[in-house]
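All residue numbers in this chain count up from 1 along the given sequence. Keep in mind the model is a prediction, meaning the values are calculated, not measured.
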Amino acid sequence: MVKTPDELALMRVSGKMLASVFEMLDGQELAGMSTLQVNDLVDRFITVDLAAHPASKGQYGFKYVLNCSINHVVCHGVPDPGEIIRDGDIINLDITLEKNGFIADSSKTYLIGNAPTAARRLVRVAQEAMWKGIKQVRPGAHLGDVGFAIERHAKRNGYSVVREYCGHGIGREMHEEPQVLNFGRPGTGLTLCEGMVFTIEPMVNQGTRKVSTESDGWTVVTNDRKLSAQFEHTVAVTRNGVEVLTLRHDETPERSALMQSASSNLK
């Protein structure tokens, strides 16, 4: 699970490319598009514009390049030509990319048009929870520190954290050790060391944390049909802390710190 400096350099390339996929999507008008249209747009961008490979396509028998999870869908939503993204929705787009044999994984929940205030608050807290977890990453810390920070932030804001799905090690394979839970106890779990690479990806629910899988075998939904939001980054443990390999241009460390410090004024 520990990457060499040369391997980490290649993972930075994959991570930067994946960040550019989301930056491309940021400029799109998603309302009115089908989720399959979004999938095909991302497919072309990864394969043609970036000359890379969409790592999710064909993985575990999945036919598409991304998961698209709208409103009460927690994760693993399947692109569908009949599913139209509408004003007021929230949609998580979870995308992977492989370049030079190494994979990056990231997701973002988009607010579509005039999303309600309650939805905007949930999305903001889910993003903050991810950053709270990332902030714990450094040599000598424990995975329990990461999960504890994530769940504490969600619960303090009145939300729950899904426990059935979690982050994971990543590199030449999409899913490697360790599992990175979104809950835990400080000082417990695997001790982090320089060179480890994994994802942090909290799924935060408006209501119950209980989820179910629909009959397609993929789509996971909240049992109470309330909203769910997710954010994800691929991170590396560095000598002095953490490097976010999939960091986007709108997510400078300074901006992220300001977002967290201002959050109490928005509750």
Side-chain angles (χ1 to χ4, degrees), residues 22 25-26 28 30-31 35 38 66-77 83-95 105-136 146-167 180-184 199-214 219-233 246 248 250-251 255-267:
F22 287 95
L25 287 169
D26 290 345
Q28 302 295 317
L30 297 179
T35 53
V38 177
L66 55 78
N67 293 121
C68 44
S69 303
I70 297 179
N71 295 333
H72 68 282
V73 179
V74 176
C75 60
H76 302 164
E83 184 174 49
I84 306 302
I85 304 168
R86 304 189 185 282
D87 183 85
D89 285 341
I90 64 172
I91 179 170
N92 177 266
L93 299 176
D94 191 344
I95 307 170
D105 190 358
S106 186
S107 84
K108 176 178 179 178
T109 297
Y110 286 85
L111 294 157
I112 306 301
N114 298 308
T117 299
R120 292 179 178 274
R121 182 176 182 271
L122 172 69
V123 170
R124 173 180 57 78
V125 171
Q127 187 174 31
E128 291 171 352
M130 176 191 67
W131 285 107
K132 294 287 187 182
I134 291 173
K135 189 177 178 181
Q136 301 302 312
V146 175
F148 176 78
I150 288 169
E151 187 173 49
R152 178 175 61 178
H153 188 68
K155 284 187 170 181
R156 281 179 171 177
N157 284 277
Y159 302 128
S160 61
V161 171
V162 174
R163 294 194 169 201
E164 288 83 354
Y165 302 93
C166 62
V180 183
L181 303 180
N182 296 310
F183 61 96
T199 70
I200 293 177
E201 47 181 302
M203 302 166 197
V204 178
N205 290 355
Q206 204 172 36
T208 178
R209 69 174 180 85
K210 299 296 185 180
V211 300
S212 301
T213 302
E214 295 196 331
T219 306
V220 178
V221 299
T222 58
N223 281 3
D224 57 11
R225 294 303 192 265
K226 291 186 178 180
L227 299 178
S228 183
Q230 177 190 8
F231 284 84
E232 174 185 12
H233 272 311
T246 48
R248 301 184 293 274
D250 66 332
E251 292 183 303
R255 183 185 178 101
S256 301
L258 286 171
M259 180 187 70
Q260 290 190 29
S261 66
S263 65
S264 59
N265 297 324
L266 300 174
K267 293 177 183 177

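- Taking CG of L30 as the start and CG of L111 as the end, the distance is 11.0 Å to the nearest 0.5 Å.
- Looking at V220 and V162, their side chains never come closer than 4.5 Å, going by heavy atoms from C-beta outward.
- Proximity of L181 to R163: side-chain heavy atoms (C-beta onward) are nowhere separated by under 4.5 Å.
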- Start with the C-alpha gap between D26 and K108, add the side-chain angles, then the distance that decides, and say whether side chain to side chain contact (heavy atoms under 4.5 Å, CB included) holds. CA-CA 10 Å; D26 290 345; K108 176 178 179 178; 2.8 Å; yes
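- Side chain of T199 to main chain of E201: no donor-acceptor pair is present (N/O by atom type, distance under 3.5 Å, no hydrogens or angles).
- Considering all non-hydrogen atoms of both residues, Y159 and N205 come closest at CB-O, 3.3 Å.
- The aromatic rings of Y165 and H76 lie perpendicular to each other, with more than 60° between the two planes, well past the 30° mark.
- The structure places CZ of R209 at 7.5 Å from CZ of F183, a figure rounded to the nearest 0.5 Å.
- You'll find the side chain of V38 reaches within 4.5 Å of the side chain of L25, heavy atoms only.
- In this structure, N223 contributes its side chain and S212 its backbone to a donor-acceptor pair below 3.5 Å.
- Of all heavy-atom pairs between S160 and G207, the closest is OG-O, 2.6 Å.
- A donor-acceptor contact shorter than 3.5 Å is absent between the side chain of T246 and the backbone of H233.
- Using a 4.5 Å cut-off on side-chain heavy atoms (C-beta onward), E232 and N92 make no contact.
- Proximity of I90 to I112: side-chain heavy atoms (C-beta onward) are nowhere separated by under 4.5 Å.
- Nearest heavy-atom pair, Q206 versus A118, reported as atom, atom and distance to 0.1 Å: NE2-CB, 3.9 Å.
- The structure places CZ of R124 at 10.0 Å from CD of Q127, a figure rounded to the nearest 0.5 Å.
- If you take CG on L66 and CD1 on I95, they are separated by 5.5 Å, rounding to the nearest 0.5 Å.
- The two residues V74 and T222 make their nearest non-hydrogen contact at CG2-CG2, 3.6 Å.
- Scanning all heavy atoms of the two residues, the minimum distance from P202 to A126 falls at CG-O, 4.1 Å.
- At a threshold of 4.5 Å between non-hydrogen side-chain atoms, the residues T109 and F231 count as touching.
- Atoms OG and CG, on S69 and D94 in that order, are 7.5 Å from each other to the nearest 0.5 Å.
- R120 places a side-chain N or O within donor-acceptor distance of the main-chain N or O of A115, the cut-off being under 3.5 Å.
- Put simply, the side chain of I85 reaches to within 4.5 Å of the side chain of I70, judged on heavy atoms.
- Heavy-atom minimum distance, I84 versus D89: O-OD2, 4.2 Å.
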- Chi angles and distances behind the side chain to side chain contact (heavy atoms under 4.5 Å, CB included) call for I200, I150: CA-CA 10 Å; I200 293 177; I150 288 169; 3.8 Å; yes
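- W131 places none of its side-chain heavy atoms less than 4.5 Å from the side chain of H153.
- Here CD of E164 is found 9.5 Å from SG of C75. Values are rounded to the nearest 0.5 Å.
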